Amino acid sequence: MVNPDGEICAFDGLLPDDRLVSSCEAMYGLDLSSVFLSPPPMSGDLWGLLPIDDDRLAVFCADVCGHGLAVAPHARKVHQLLHAPDLERSRPQRVLAEVNSGLHGYLPPGRFAAMFYGVIDIARDQLDYACSTFLPPLWRLGEGRPYELLEGAGLPLGFQPRARYENHSRRFERGGGLVIYSDALVETPMPPQAVFDTDRLCSAVNLLGFDADAATINAHLIDALDLETNRLEDDLTLIALLRR
């Protein structure tokens, strides 16, 4: 994973390394680019890739409520729960329910986590996903199709002991795309002055044209934020994933 300047980013083992990203790109026929920017003190964003089998890959992005070093153990707990060997990774709604159970009673009162969890099935040309109070990712069905906002909502993770989450399914053919982002992308600068809201974000990606690759999408969105002028107030995570 690299930042916009081409430098390797690390987040204490919580983020996918370049080897995992490259192997997933090759195995599943993907074009994947990611940006992670964490202003000090760090807060609670993390994302990851979880291979399931030869045809299915899970991708997640999570945002733990709060700021500073106190949130680091909570982000690690989310990472631990998602990498548990007995986790049923292929069922997004079950994954969120398991993470919710693991966080309830662990997080301090008033703290919670938001997450998008999706399973890409290249054999079935399908994306299954579930959300927990996460911003709507951008999705396109296939080559030559425009990006749209993905529907989906759910209870915060860790807020209730036995929360239920809904599974959603969309076609995800060759040329399909997915753009996942944390709230700093639509809160820089803070609203109402923000460069993007979700609708403007979707329009900006569509204006790049059907042939824009993952790195181009990310670079354009980060450049539009003008971070030399607009200070980040939170972690910023941005993942663009295209099916080749």
Side-chain angles (χ1 to χ4, degrees), residues 1 15-34 46-62 78-79 81-100 114-154 157 164-182 202 205-206 210-215 217-218 237-244:
M1 182 183 61
L15 302 179
D17 59 25
D18 288 341
R19 182 176 179 180
L20 175 60
V21 171
S22 296
S23 67
C24 288
E25 285 183 309
M27 183 171 182
Y28 301 103
L30 303 175
D31 172 23
L32 193 154
S33 176
S34 67
L46 67 155
W47 76 278
L49 300 167
L50 301 170
I52 299 171
D53 55 32
D54 289 349
D55 297 320
R56 295 179 296 175
L57 171 69
V59 56
F60 68 86
C61 186
V78 173
H79 184 272
L81 292 167
L82 287 165
H83 289 79
D86 58 346
L87 183 69
E88 193 175 353
R89 295 178 174 180
S90 63
R91 301 181 65 183
Q93 74 276 36
R94 290 288 298 274
V95 170
L96 291 194
E98 288 291 329
V99 174
N100 177 75
M115 186 184 300
F116 169 87
Y117 184 97
V119 174
I120 297 165
D121 189 328
I122 60 173
R124 297 168 60 217
D125 291 334
Q126 184 161 302
L127 169 69
D128 296 315
Y129 69 95
C131 295
S132 164
T133 61
F134 202 82
L135 287 165
L138 311 183
W139 157 85
R140 75 177 185 189
L141 183 152
E143 187 174 359
R145 303 294 289 269
Y147 282 91
E148 305 173 21
L149 295 172
L150 271 183
E151 300 174 359
L157 296 170
R164 290 182 166 228
Y165 299 89
E166 183 178 355
N167 190 71
H168 304 267
S169 296
R170 295 288 186 274
R171 292 285 294 171
F172 196 64
E173 301 171 356
R174 290 185 183 274
L178 193 60
V179 180
I180 310 165
Y181 54 95
S182 61
C202 192
V205 174
N206 280 324
F210 299 132
D211 296 329
D213 61 15
I217 291 171
N218 282 355
T237 303
L238 175 60
I239 307 128
L241 183 155
L242 308 176
R243 280 198 66 189
R244 295 194 180 107

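None of the values given here were measured: they were computed from a predicted structure.
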Check against side-chain contact (heavy atoms from CB on, under 4.5 Å), Tyr165 and Leu157: CA-CA 10 Å; Tyr165 299 89; Leu157 296 170; 3.5 Å; yes
Gap between atom CE of Met115 and atom CG of Asn100 - 0.5 Å precision: 10.0 Å
Sole residue of Leu82, Leu49, Val119 in side-chain contact (heavy atoms from CB on, under 4.5 Å) with Phe60: Leu82
Shortest non-hydrogen contact from Asp128 toward Pro92: O-CG, 3.6 Å
From OG (Ser90) to CG (Asp121), nearest 0.5 Å: 9.5 Å
Gln126 backbone acceptor or donor facing Arg171 side chain under 3.5 Å: no
Audit row: Leu57, Leu50, side-chain contact (heavy atoms from CB on, under 4.5 Å) steps and yes/no: CA-CA 6 Å; Leu57 171 69; Leu50 301 170; 5.7 Å; no
Verdict with reasoning, Glu151 to Arg170, per salt bridge (Lys or Arg N to Asp or Glu O under 4.0 Å): CA-CA 10 Å; Glu151 300 174 359; Arg170 295 288 186 274; 3.7 Å; yes
Atom of Pro16, atom of Gly48 and distance for their closest heavy-atom approach: CG-CA, 3.6 Å
Within 6.0 Å of CD in Glu88, more than 12 heavy atoms from elsewhere: yes
Short side-chain to backbone donor-acceptor contact, Tyr28 and Asp54, under 3.5 Å: no
Nearest-0.5 Å distance that lies between atom CD1 in Ile239 and atom CZ in Phe116: 9.0 Å
Identified side-chain contact (heavy atoms from CB on, under 4.5 Å) partner of Leu238 from the options Val179, Ile180, Ile217: Val179
Distance in Å, Tyr117 OH paired with Leu96 CG, rounded so as to fall on 0.5 Å steps: 8.5 Å
Distance in Å, Trp47 CH2 paired with His79 NE2, rounded so as to fall on 0.5 Å steps: 11.0 Å
Worked check of side-chain contact (heavy atoms from CB on, under 4.5 Å) between Ile120 and Leu241: CA-CA 10 Å; Ile120 297 165; Leu241 183 155; 3.5 Å; yes
Arg140 CZ to Glu173 CD distance, which is reported to the nearest 0.5 Å: 11.5 Å
Backbone N/O of Leu242 and side chain of Asp31: donor-acceptor pair under 3.5 Å: no
CZ/Arg19: more than 12 non-hydrogen atoms of other groups inside 6.0 Å: no
Flag, side chain of Trp139 to backbone of Gly176, donor-acceptor distance under 3.5 Å: no
Any donor-acceptor pair under 3.5 Å from Arg244 side chain to Leu30 backbone: yes
Nearest non-hydrogen partners of Arg89 and Ile52, listed with the distance: O-CD1, 3.6 Å
Leu127/Leu150 under side-chain contact (heavy atoms from CB on, under 4.5 Å): CA gap, chis, key distance, verdict: CA-CA 11 Å; Leu127 169 69; Leu150 271 183; 4.2 Å; yes
Ala240 to Asn218 - nearest heavy-atom pair and separation: CB-OD1, 3.4 Å
Side-chain ion pair, Asp125 and Arg243, N-O less than 4.0 Å: yes
Check: Ser182 side chain, Thr237 main-chain N or O, donor-acceptor pair, under 3.5 Å: yes
